[in-house]
Amino acid sequence: MSKLDELLQRNRAFEATGAYAGLSIMPRQPVFVVTCLDPRVDPAAFLGVGLGDAPVVRNAGGRVTEAVIDDVAFIGYLANVMIPEGPLFEVAVIHHTGCGTGFLADADFRHAYVTRTGLDESLLADSAVVDPEQTVATDVKRLLASPKLSDRVTAAGYVYDLDTGLVRMTVPPAQPTPGPAA
Ligand SMILES: [Zn+2]
């Protein structure tokens, strides 16, 4: 017995639909989504992102880490190679209200976690999403400053409100503005 049993049954139902057949690796929507791994924050549900629509990266908070920047750089490069005349895609960084990473803003919680894991306490404090509008602005800025990105990519920031189900843009789309290499 696996804890995946119920989901494996759903996979059999999915297989029967044939929906996986003939999909392109190039997304249907010119969008790359970065958002939180919270089970309530699934772009398939709140944005209707369907199979083959868009690459989605999810981590705690939906933060733009160096690993996320590397993924955006890779997909941008791949898109350049595969469709040189193709449209830009927008990286949509979406943070949400009521994020569980907010616990990391609590000094006692954070300190106990650091004791358990040995992780860097100041980095953990920075990774907390308490004010999603503020952290999304920080993360879009960080992404756009990276020299790794294709200049055909744009990035924008959004906040998803768990209470209303609505997503609103808080940082309009902009192109990368890499500074001098550090
Ligand atoms: Zn979250």
Side-chain angles (χ1 to χ4, degrees), residues 3-4 6-7 10-11 14 27-76 89-146 148-149 153-174 176:
K3 293 193 191 307
L4 205 66
E6 182 181 331
L7 297 183
R10 295 186 198 179
N11 170 253
F14 168 77
R28 287 200 189 101
Q29 299 290 330
V31 174
F32 184 116
V33 178
V34 179
T35 197
C36 187
L37 49 66
D38 189 314
R40 300 168 296 178
V41 183
D42 185 346
F46 75 89
L47 291 177
V49 173
L51 198 59
D53 269 348
V56 175
V57 167
R58 296 174 69 182
N59 62 26
R63 302 311 306 266
V64 173
T65 62
E66 210 54 37
V68 168
I69 291 172
D70 288 352
D71 286 342
V72 172
F74 174 65
I75 297 301
F89 65 84
E90 177 187 304
V91 184
V93 182
I94 308 174
H95 291 180
H96 70 99
T97 60
C99 188
T101 60
F103 284 112
L104 293 169
D106 179 89
D108 289 342
F109 179 95
R110 188 173 65 239
H111 195 71
Y113 182 51
V114 165
T115 304
R116 171 70 184 79
T117 61
L119 290 167
D120 184 284
E121 184 152 4
S122 67
L123 288 180
L124 284 175
D126 285 347
S127 69
V129 175
V130 177
D131 176 350
E133 192 163 333
Q134 187 207 319
T135 49
V136 99
T138 301
D139 282 14
V140 169
K141 199 170 164 188
R142 178 165 193 221
L143 185 61
L144 291 174
S146 172
K148 294 176 182 170
L149 258 58
V153 167
T154 57
Y158 301 83
V159 172
Y160 172 49
D161 188 324
L162 284 184
D163 293 324
T164 66
L166 284 175
V167 174
R168 65 189 170 92
M169 180 189 287
T170 58
V171 183

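Small disclaimer: the values here were computed from a predicted structure and weren't measured. Order of listing sets the numbers, starting from 1, for every ligand and every atom in it.
For the side chain to side chain contact (heavy atoms under 4.5 Å, CB included) test with His95, the passing option among Gln134, Arg63, Glu133 is Arg63; the others fail.
By the salt bridge (Lys or Arg N to Asp or Glu O under 4.0 Å) test, Lys148 pairs with Glu66, Asp70, sequence neighbours left out.
Shown here are the protein N/O/S atoms lying under 2.8 Å from the Zn ion (ligand 1), water excluded: Cys36 SG, His96 NE2, Cys99 SG.
Here the side chains of Leu143 and Leu149 are in contact, with some heavy-atom distance below 4.5 Å. You'll find the side chain of Pro173 reaches within 4.5 Å of the side chain of Met169, heavy atoms only.
Summarising the local packing, CZ of Phe14 is surrounded by more than 12 heavy atoms from other residues, nucleotides or ligands at distances under 6.0 Å. Enclosure of atom CZ in Phe103 is not indicated, since only 12 or fewer non-hydrogen atoms of other residues, nucleotides or ligands lie within 6.0 angstrom.
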